[in-house]
Amino acid sequence: MKNKILVTGGTGYIGSHTVVELQETGYDVVIVDNLSNSGIDVLDNIKKITGIKPEFEKFDLADQRKTDEFFGRHKDIKAIIHFAASKAVGESVEKPLLYYRNNLVSLMNILECHIKYNIPNIVFSSSCTVYGQPDQLPVTEKTPRKDAESPYGNTKRVNEDILQDTIAANSEIRGIALRYFNPIGAHSSALIGELPLGVPQNLVPFVTQTAAGIREQLSVFGDDYNTRDGSAIRDYINVVDLAKAHVVAIDRLLKGKNKLNYEIFNLGTGDGLSVLEIVKSFEKATNIKLNYKIVGRRAGDIEQIWADTTYANEELGWKAEKELDETLLSAWNWEKNIRGIQ
Ligand code: UD1
């Protein structure tokens, strides 16, 4: 019998790609999502890719009664991958309570059900945002975390603590926190991808929307950073590579290969790239000239960060494999598909 995995936020950007990889590896998936930032049609698109429409329930995991009732009906779940969360940094500054409620309460509700219904395994979506601007680069999992720059960032940090403390007190639960660097790109089928609501805040969706003519001009936030070309540096990781790391993490937990009950892994490529390098690479990969201009720095941005991926490479046996050109092209193919561009 197939092992059943609950993917919360499974119709979202990283969640949907992870569902595809789980199904293709032979896992059964049930998705819970409140569809606050994704559409139900994602399920049909997952089916087009894998041949299997995942089981789906729509409700909000911050609702304790509904969450408990769900687990009461699904006693065969072997592990949870918890993606469901609000993720807009700017919005979190304006609506901190919304972010604390959505992100913290949902994890607490889930962990209570882990204990009550004996669900032994959890993988949690964390972020490199917990490192702030690190004193040393690249960052390893042992690099000290810093105070968060936003309520969103703080929810990631506090949720890591909630998970760690709960696992320390409940030795039957094992968890892995995955700290994502900057996920970009889309599935090679162009059937699933990132669908930002309104004006994109993240770089690559803004780039593809500019290329599609939806945005007039890309603003490059700052060229006066202490980097090789003055623009800020990040570690951009292909979302399919990232999704595959979740399957590896689930395998590790289900096979009991974890070394500690609570483990943390950085998920990046290990390479830092500047905003201008992304712009140039996009132009080269797609043969499209991007209309961009340099503007001032964006409040709250850090100068540079990239991952030391040694621990994930050696311990998980996972490595980001996709080339940047292919990744940027996949983002563009997705944008073309949803806009009906030939
Ligand atoms: C942002 C969040 C981070 C979150 C991640 C989720 C901030 C400060 N950080 O990361 O907490 O986990 O998204 O995906 O918001 N850029 C431009 N022009 C644009 C958009 C972005 O120049 O129109 C630049 C940014 O200044 C940054 C780089 O591109 O240097 C990447 O930006 P973005 O994609 O928003 O990711 P982060 O800021 O790294």
Side-chain angles (χ1 to χ4, degrees), residues 9 12-15 17 37 83 85-94 99 103 124-134 137 139 145-160 177-185 193-211 214-239 242 266-269 272-282 290-307 327-328 331:
Y13 175 43
I14 308 174
H17 288 83
N37 195 19
F83 290 105
S86 301
K87 62 170 186 180
V89 176
E91 186 186 46
S92 80
V93 176
E94 282 155 30
Y99 273 66
N103 295 3
F124 172 66
S125 292
S126 192
S127 165
C128 71
T129 195
V130 300
Y131 296 117
Q133 177 60 68
L137 288 164
V139 289
R145 297 180 309 171
K146 290 207 167 158
D147 285 348
E149 298 280 346
S150 66
Y152 159 77
N154 207 29
T155 66
K156 291 294 176 194
R157 185 190 160 107
V158 176
N159 267 344
E160 284 191 355
L178 299 175
R179 290 179 178 158
Y180 313 147
F181 283 66
N182 288 54
I184 61 167
E194 189 170 9
L195 202 56
L197 280 182
V199 182
Q201 304 301 308
N202 294 118
L203 177 63
V204 171
F206 207 105
V207 164
T208 55
Q209 288 198 12
T210 306
I214 298 160
R215 310 285 155 203
E216 208 180 305
Q217 192 170 51
L218 167 74
S219 296
V220 172
F221 297 135
D223 70 346
D224 57 351
Y225 286 110
N226 186 22
T227 60
R228 49 187 174 263
D229 61 20
S231 63
I233 289 181
R234 299 287 184 273
D235 184 335
Y236 295 92
I237 173 161
N238 184 294
V239 68
L242 192 65
N266 283 343
L267 297 182
T269 65
L273 292 172
S274 75
V275 176
L276 290 171
E277 286 164 347
I278 291 287
V279 168
K280 299 280 177 267
S281 301
F282 182 85
L290 269 182
N291 181 21
Y292 73 91
K293 74 165 180 211
I294 313 280
V295 301
R297 295 180 179 192
R298 179 171 72 176
D301 270 351
I302 59 160
E303 182 168 272
Q304 47 188 329
I305 189 164
W306 66 94
T327 301
L328 291 171

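Below, each value reflects all heavy atoms present in this structure, side chains not excepted, and no hydrogens, waters or symmetry copies. Indexing begins at 1, ligand by ligand and atom by atom, following the structure's order.
Relative to atom 27 (C) of ligand 1, the option among Glu303, Arg297, Arg234, Gln201 with the closest non-hydrogen atom is Arg234. For atom 1 (C) of ligand 1, the nearest non-hydrogen atom from the set Asn202, Val93, Leu276, Ile184 belongs to Asn202. Nearest to atom 30 (O) of ligand 1 by heavy-atom distance, out of Ala148, Ala232, Ser92, is Ala232. Across Tyr236, Tyr13, Phe221, heavy-atom proximity to atom 19 (C) of ligand 1 is greatest for Phe221.
The ligand atoms of ligand 1 that sit less than 4.0 angstrom from a heavy atom of Val275 are 22 (O), 24 (C), 28 (C), 29 (O), 30 (O). Applying the 4.0 Å criterion to heavy atoms of Gly300 picks out, from ligand 1, the atoms 8 (C).
If you check the side chains of Thr269 and Tyr236, you find no donor sitting under 3.5 Å from an acceptor. Donor-acceptor pairing under 3.5 Å is recorded for the side chains of Tyr99 and Glu91.
Side-chain contact between Phe124 and Asn159: present, with at least one pair of heavy atoms (C-beta onward) separated by less than 4.5 Å. The shortest distance between side-chain heavy atoms of Glu277 and Ile233 does not fall below 4.5 Å. Contact of the Asn103 side chain with the Ser86 side chain is registered, since non-hydrogen atoms from C-beta on lie closer than 4.5 Å. The side-chain heavy atoms of Ile302 and Tyr131, taken from C-beta on, include no pair separated by under 4.5 Å.
Not a single heavy atom of Gly153 sits under 4.0 Å from any atom of ligand 1. Under a 4.0 angstrom heavy-atom cut-off, Phe181 registers as lying outside contact with ligand 1. Taking a 4.0 Å cut-off on heavy atoms, Tyr152 registers as neighbouring ligand 1.
Side-chain N or O atoms of Ser231 include one that pairs as donor or acceptor with a backbone N or O of Leu276 at under 3.5 Å. Judged by distance alone, with hydrogens and angles left aside, the side-chain atoms of Asn291 form a donor-acceptor pair with the main-chain N or O of Glu216 at under 3.5 Å.
Under 4.0 Å from ligand 1, not a single heavy atom of Ile278 appears.
Ranking the protein heavy atoms by distance from atom 25 (C) of ligand 1 puts Asp301 OD2, 3.4 Å first. Scanning the protein for heavy atoms near atom 18 (N) of ligand 1, the closest one is Ser219 O, 2.6 Å. Closest to atom 36 (O) of ligand 1 among all protein heavy atoms lies Asn182 ND2, 3.1 Å.
Any N or O atom pair closer than 3.5 Å counts here, and Val204 shares no such pair with ligand 1.
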